[in-house]
Amino acid sequence: MRNINEDTITQAVIAAMVGCKNPRLRTIMTSLVQHLHSFAREVKLTEAEWELAIGFLTEVGHITDDKRQEFILLSDTLGLSTLVTAQNNAKPLACTDSTVFGPFFVDGAPELPLGSDIANGARGEPCYVSGQVRGLDGRPVAGASMDVWQSDEDGHYDVQVPAASGEHTHRARARLHTDAEGRFNFRSILAVPYPIPHDGPVGRMLDALGRHPWRPAHLHFMIVATGYERLITHVFRDGDPYLDSDAVFGVRSTLVADWVRHEAGPTPDGQQSEVPFYTLQYNFVLNPITVDEVQK
Ligand code: BEZ
Ligand code: FE
């Protein structure tokens, strides 16, 4: 294999993978090489642009650690996360739509009883959330595990705020379990719009592209129940100015709900609030796992 040129390089790289023992890996890498080379040919990529791209990816790697995932941000802002989510989560129309996972989920959030205040000191206006989890057949899903996470009123998730003690404190996140009727309720804080982390290479990329980093106000949910597909989604707040320009392309109309404002007074948990508060009511519909999928 010598004298490779502009016309023969793609085939040469593909042929070099002939010994790959993993057929899926070979399919993926063959297609990746074909598309990457077509892209470079189409835009007539210069050497200076290639160097810039390598520098950019190097920076994305350097800023990434166990708290900051710039590669996921890059995938999100380029729409790749939404594409992968959409093509892997096709389901009947009546089921709750999935949307992007995002980088702020924490495994092992505190398991709290229904009705708890999950804010745990996170600042924001009080918000009472309730609803029901059902299957596609309408039957309530009892005992479903429900992870909830959100930012505080400054738009920060707990993992973005360094803890004075060095110990991570879970705030505005929890794991709950639905009751015998599939119902859930908890107290938290009002979701607000916030910018995705934009002090790194992805922020610079958005800026250069004339894009803003804002996400519309939302609450994250991950619901897991035996016999159903895992649901990873958000509920978005109606009226938010960024619903039609989400920096990570995650909004679906079916996931937009009304957060109702109430003056100070009696709250859904039978207490009195001295300040205005919000309520959100949202029901989820899970897609059952078919026998075929179980056997896969
Ligand atoms: C989030 O909603 O938490 C999120 C999603 C994608 C990128 C950044 C943040
Ligand atoms: Fe979020």
Side-chain angles (χ1 to χ4, degrees), residues 1-91 97-105 107 196-213 215 222 229-234 245-252 287 292-293 295-296:
M1 192 205 316
R2 293 187 185 182
N3 307 324
I4 302 287
N5 64 27
E6 196 181 325
D7 298 321
T8 55
I9 179 65
T10 306
Q11 213 30 58
V13 180
I14 291 169
M17 297 189 275
V18 67
C20 175
K21 300 233 160 37
N22 178 334
R24 178 68 180 156
L25 178 63
R26 192 167 161 195
T27 302
I28 288 175
M29 292 308 292
T30 299
S31 179
L32 179 69
V33 168
Q34 279 166 335
H35 285 275
L36 202 56
H37 289 203
S38 298
F39 152 74
R41 287 191 180 96
E42 187 181 312
V43 301
K44 294 223 175 327
L45 197 69
T46 66
E47 287 165 294
E49 288 162 345
W50 176 88
E51 257 180 58
L52 199 101
I54 295 291
F56 174 80
L57 289 174
T58 305
E59 255 190 272
V60 170
H62 282 165
I63 203 171
T64 296
D65 59 20
D66 59 341
K67 298 243 158 47
R68 169 94 181 233
Q69 233 307 350
E70 197 80 355
F71 280 108
I72 294 185
L73 275 191
L74 183 58
S75 162
D76 293 342
T77 49
L78 293 181
L80 181 63
S81 308
T82 287
L83 170 60
V84 173
T85 301
Q87 71 181 1
N88 285 286
N89 288 278
K91 48 188 153 189
D97 278 322
S98 302
T99 190
V100 291
F101 200 25
F104 298 127
F105 171 75
D107 203 10
I196 60 169
H198 57 113
D199 56 344
V202 168
R204 276 205 337 270
M205 177 190 80
L206 293 179
D207 205 33
L209 295 175
R211 290 175 52 184
H212 70 70
R215 297 216 65 206
M222 178 168 82
E229 288 176 7
R230 182 176 72 166
L231 174 65
I232 292 172
T233 196
H234 313 350
S245 66
D246 181 7
V248 305
F249 309 97
V251 179
R252 308 200 54 82
N287 198 21
D292 286 359
E293 282 168 323
Q295 283 166 349
K296 261 192 230 166

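If you read the sequence from its start, that first residue is 1, and numbering goes on from there.
Evaluation of the salt bridge (Lys or Arg N to Asp or Glu O under 4.0 Å) test over residues 2-15, restricted to residues two or more places apart or in two chains, returns none. Residue pairs meeting the side-chain hydrogen bond (donor to acceptor under 3.5 Å, both in side chains) criterion with at least one partner in residues 22-37, sequence neighbours excluded, are Thr10-His37. Residues in residues 77-86 take part in these side-chain hydrogen bond (donor to acceptor under 3.5 Å, both in side chains) pairs, two or more places apart or across chains: Ser75-Ser81, Asp76-Ser81. Within the structure, every pair that satisfies the side-chain hydrogen bond (donor to acceptor under 3.5 Å, both in side chains) test and touches residues 50-62, not counting sequence neighbours, is listed here: Glu59-Arg204.
Taking CG of Asn89 as the start and OG1 of Thr233 as the end, the distance is 9.5 Å to the nearest 0.5 Å. Going from atom CD1 of Ile72 over to atom CZ of Phe101 covers 8.5 Å, rounded to the nearest 0.5 Å. Remark: Asp246 CG to Arg215 CZ distance equals 4.0 Å, nearest 0.5 Å.
A search for side chain to side chain donor-acceptor pair (under 3.5 Å) contacts involving Asn5 returns Thr8, not counting sequence neighbours. Considering only residues two or more places apart in sequence or on other chains, Phe71 meets the ring-ring contact (aromatic ring centres under 6.0 Å, His included) condition with none of them. Shown here are the ring-ring contact (aromatic ring centres under 6.0 Å, His included) partners of Phe104, two or more places apart in sequence or in another chain: Tyr157. Checked against salt bridge (Lys or Arg N to Asp or Glu O under 4.0 Å), Asp199 has the following partners two or more places apart in sequence or in another chain: Arg68. Listed by chain and number, the residues in a side chain to side chain donor-acceptor pair (under 3.5 Å) with Ser98 are Lys91 (sequence neighbours excluded). Every salt bridge (Lys or Arg N to Asp or Glu O under 4.0 Å) that Arg252 has, sequence neighbours left out, goes to Asp97. Qualifying salt bridge (Lys or Arg N to Asp or Glu O under 4.0 Å) partners for Asp107, counting only residues two or more places apart in sequence or in other chains: Arg175. Applying the side chain to side chain contact (heavy atoms under 4.5 Å, CB included) rule to Ser38 yields no partners; only residues at least two apart in sequence or on another chain are considered.
In terms of heavy atoms, Gln69 sits closest to Pro103 at CB-CB, 4.3 Å. Contact between Asn287 and Ala90 at its shortest, heavy atoms only, is ND2-O, 4.5 Å. Gly200 and Ile63 make their closest contact through CA-CD1, 3.9 Å (heavy atoms, listed as atom of the first residue, atom of the second, distance). Taking every heavy atom of both residues into account, Phe56 and Val202 meet most closely at CE1-N, 4.3 Å.
Within 6.0 Å of CZ in Arg230 there are 12 or fewer heavy atoms belonging to other residues, nucleotides or ligands. The number of heavy atoms from other shown groups lying within 6.0 Å of CD (Glu47) does not exceed 12.
With His212 contributing its side chain and Ser245 its backbone, the two residues share a donor-acceptor pair below 3.5 Å. Between the side chain of Thr99 and the main chain of His234, no donor-acceptor pair closer than 3.5 Å is present.
Tested against Met205, the residues Leu78, Leu73, Val60 include a single side chain to side chain contact (heavy atoms under 4.5 Å, CB included) partner, Leu78.
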